Amino acid sequence: MNMETKKMNKKTDKYKERLQRHHDELRWLYMELYGNDSMFAELCDNMHRFYQERKDTLKSLDMQREAHPDWYKQNDMMGMMFYIDNFAGNMKGVEKKLDYIQECNVNYIHLMPFLDTVPERSDGGYAVADFRKVQEKLGTMEDLEDLTDACHKKNINVCMDFVMNHTSEDHEWAKRARQGDGEYMSRYFFFRDYSIPSMYEKTVPQVFPTTAPGNFTWLEDAGHFVMTTFYPYQWDLNYKNPRVFNEMMYNFLFLANKGIDIIRIDAVPYIWKELHTQCRNLKQVHTIVRMMRIISEIVCPGILLLGEVVMEPEKVAPYFGTVEKPECHMLYNVTTMATTWHTVATRDVRLLKKQLDIVNGLPKDYVFLNYLRCHDDIGWGLDYPTLLSEGIGERSHKEYLNNYFQGYAGASNSRGELYNADPVTGDARFCGTTASMCGIEKACFEQDEQAMQKAIQLDVMLHAYMFMQSGIPVLYGGDEIGQVNDYSYKEDPNKAADSRYLHRGAMNWTLAENITDQTTVEGQMFTRLSELEQIRKQERVFVSNADTWTIETWDSSVLCIGRYFEGEKILGLFNFSEYDKTAWINETDGEYVDLISGRKMQASGVDIPAYGFYYLKKING
């Protein structure tokens, strides 16, 4: 037997071993949901097929990660998300920018939706018309494979969005369903009249009450209503049909085999629909996600599942599953992000401290992705019962936050726009880049150097604070150079109605050339963030499963976060006020050194300048 045959046999044995370990649970879950032996057998056959088609380089990576299951929890993990066309034109362009990405200390890139969609019915790429085709303007599936190969050679992980809840109305299934093909109609939720949809509407909340009211759309040509939770051109898939689950898993494995490392499951809580419920977070959703986890652990165990669950951390936590039956590897820390901006607007860290205490109280194995800004709007999903106990009402506070970040209230320097404003409820979401929300746009427009330094300091402080949180930090592309709002979207008829494009502007590579010039905003931002990123990579205490806690500072504008791992301790101090403050902490366990300046100091009664921060490391020995 030659060496090549031995290698093939070893990999085949590995697959059999994984299948044997997981088969019984997978079958039990599948039969509980579908009770269909033949469809389960088909699923297993296709899983083996996708394993056989998986490249040897990816199989080797799978085995490495199986041997080191905490590989993604290390202190060198740093993410960046961007739209391919905005960042570099197309996939080949991104490949050419990998050196820049490495300069940003980034080893995990989230490519925003790139699968085939129809421009005027796109929802930013989340209305997928073909799960196995790249948008022509961005490249091809071969370009995707080339990009992931190039990334892996540089130890960069690639994340993509897998939109499971719905397809575009331009998807082949939807086209056939629209023509009355029962096989394909059964893959969605079709109703001849409004009687059953009206029953759903009694209990199912609306996602976009102003821009896309209701959860159903009437199709005049088809003579039916179809369920459309998000937009009328996004048709909800019916996961009660095992054909839907199987086919979507085949799409999932197809994309995994293109070299994707992290699959972001879009809108996870919505996947399962049940009459007389809110159609959110139902137990069957967890069954589906658990089966996805098992399938990936059999076929492609190097893959990570990232769940998009937009709720407070204690409600998000069930999507991690359990130690024995895990579901998602990682989840977003959405509420902390929104609470961070509340803290900027109020200069009061109390609610943020409580939020961080909740996250820190969860099991250390839970990995959250932390971010200041992303591709989406900011919804003010805060802890209003706590705010109400302080005399702050929900509606009035949301109004204040939106006014503040538009630059209308609270001595604000922010600039931005509202999204989905509802004049009836007074609710609205907010759009803007990190830099514009911190005042860089305003200071630049007014040519105010003093205001610019203050804005840069706030921006850097917020990133320093984000790096101290429990989990993995993710930058939004352009934030590393302080890129501001882009108002040109108003000139594009396909984008003008969606203010989220305000912070989805194209990367300004001319400005990016200034990253070594300390006289520019770009140079100052890039250099200071790089310094923080290097500290994070060098200090083991920044691993995601370190002990993390908050410390009372006795000043409502100052936050203190502690981190401890294997004998090493760091305190992060962050002043959310534009005034100099003192953190009245009293850590009497020895001397500390500030990792930014190198200055030795006591962690007691620490004076912090406006929007200032410290990384204080305890000196051992």
Side-chain angles (χ1 to χ4, degrees), residues 68-80 101-108 155-157 330 333 336 340 356 359-360 362-372 457 459-475 479-480 525-551 553 558-575 583 585 587-604 606 608 612-621:
H68 302 282
D70 287 347
W71 65 271
Y72 62 99
K73 299 178 181 178
Q74 304 311 306
N75 51 308
D76 65 340
M77 284 296 285
M78 170 76 68
M80 176 184 281
I101 287 168
Q102 283 191 307
E103 276 190 85
C104 295
N105 300 297
V106 165
N107 60 359
Y108 151 35
N155 295 314
I156 296 172
N157 303 287
M330 305 184 294
N333 195 350
T336 300
T340 297
L356 293 172
V359 175
N360 294 335
L362 295 171
K364 288 190 294 181
D365 283 338
Y366 290 0
V367 179
F368 285 100
L369 289 193
N370 301 306
Y371 60 101
L372 295 174
Q457 181 62 36
D459 198 328
V460 174
M461 183 276 288
L462 290 175
H463 280 90
Y465 140 77
M466 178 179 70
F467 294 167
M468 277 291 291
Q469 291 180 50
S470 175
I472 300 171
V474 180
L475 303 173
D479 276 6
E480 75 280 4
M525 283 295 306
F526 193 90
T527 300
R528 294 186 67 185
L529 292 186
S530 292
E531 182 181 23
L532 295 173
E533 289 153 6
Q534 288 296 333
I535 289 172
R536 188 174 177 278
K537 283 202 288 188
Q538 291 162 8
E539 300 292 338
R540 294 184 308 155
V541 74
F542 283 99
V543 295
S544 72
N545 56 345
D547 288 325
T548 312
W549 69 98
T550 64
I551 297 169
T553 65
V558 181
L559 177 71
C560 182
I561 300 174
R563 296 186 68 94
Y564 179 88
F565 184 75
E566 294 183 354
E568 296 187 0
K569 177 182 175 183
I570 287 180
L571 302 179
L573 286 162
F574 310 96
N575 181 0
I585 60 173
E587 298 290 300
T588 57
D589 53 347
E591 197 171 27
Y592 287 74
V593 60
D594 174 32
L595 295 176
I596 311 298
S597 65
R599 180 164 65 95
K600 292 182 180 180
M601 56 197 296
Q602 296 296 317
S604 176
V606 182
I608 312 177
F613 64 92
Y614 292 108
Y615 279 175
L616 301 182
K617 181 179 181 181
K618 184 178 179 297
I619 301 173
N620 293 322

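This is a predicted model, so every value here is computed, not measured.
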Hey, does Phe368 have a side-chain heavy atom less than 4.5 Å from the side chain of Val359?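 In short, these two side chains touch, coming nearer than 4.5 Å.
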Hey, does the side chain of [X] reach the backbone of [Y] with a donor-acceptor pair shorter than 3.5 angstrom?
| X | Y | result |
| --- | --- | --- |
| Tyr465 | Met468 | no |
| Asp70 | Lys73 | no |
| Thr527 | Met525 | no |
| Asn620 | Gly567 | yes |

To check you understand the geometry: which heavy-atom pair defines the closest contact between Gly598 and Val593, and what is its length?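 It is O-CG2, 3.5 Å.
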Closest heavy-atom pair and its distance - Gly562, Leu571: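 Scanning both residues completely, I find the closest heavy atoms to be CA-CD2, 3.9 Å.
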Gln534: what forms a side-chain contact (heavy atoms from CB on, under 4.5 Å) with it, not counting sequence neighbours?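 Asn105, Lys537, Gln538.
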Could you give the distance from [atom1] ([X]) to [atom2] ([Y]), rounded to the nearest 0.5 Å?
| X | Y | atom1 | atom2 | answer |
| --- | --- | --- | --- | --- |
| Ile570 | Leu616 | CD1 | CG | 9.0 Å |
| Gln602 | Glu587 | CD | CD | 11.5 Å |
| Tyr615 | Glu539 | OH | CD | 10.5 Å |

Go through the structure and list residues passing side chain to side chain donor-acceptor pair (under 3.5 Å) with Ser604, not counting sequence neighbours.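 For Ser604 the side chain to side chain donor-acceptor pair (under 3.5 Å) partners, ignoring immediate neighbours, are Asn586.
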Should the pair Asp589-Lys569 be classified as a salt bridge under the 4.0 Å nitrogen-to-oxygen rule?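 Looking at Lys569 together with Asp589, the answer is yes, because their closest N to O distance falls below 4.0 Å.
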Residue list, ring-ring contact (aromatic ring centres under 6.0 Å, His included) with Tyr72, at least two apart or on another chain: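 ring-ring contact (aromatic ring centres under 6.0 Å, His included) check on Tyr72 returns His329.
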Short side-chain donor-acceptor distance under 3.5 Å, [Y] and [X]:
| X | Y | answer |
| --- | --- | --- |
| Arg563 | Gln469 | no |
| Tyr366 | Ser544 | no |
| Asn107 | Asn155 | no |

Run the numbers on Glu568 and Lys618 for side-chain contact (heavy atoms from CB on, under 4.5 Å), then give the verdict. CA-CA 7 Å; Glu568 296 187 0; Lys618 184 178 179 297; over 6 Å; no
Which residue, Thr340, Leu559, Thr548, forms the side chain to side chain contact (heavy atoms under 4.5 Å, CB included) with Leu356?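 By the side chain to side chain contact (heavy atoms under 4.5 Å, CB included) criterion, Leu356 pairs with just one of Thr340, Leu559, Thr548: Leu559.
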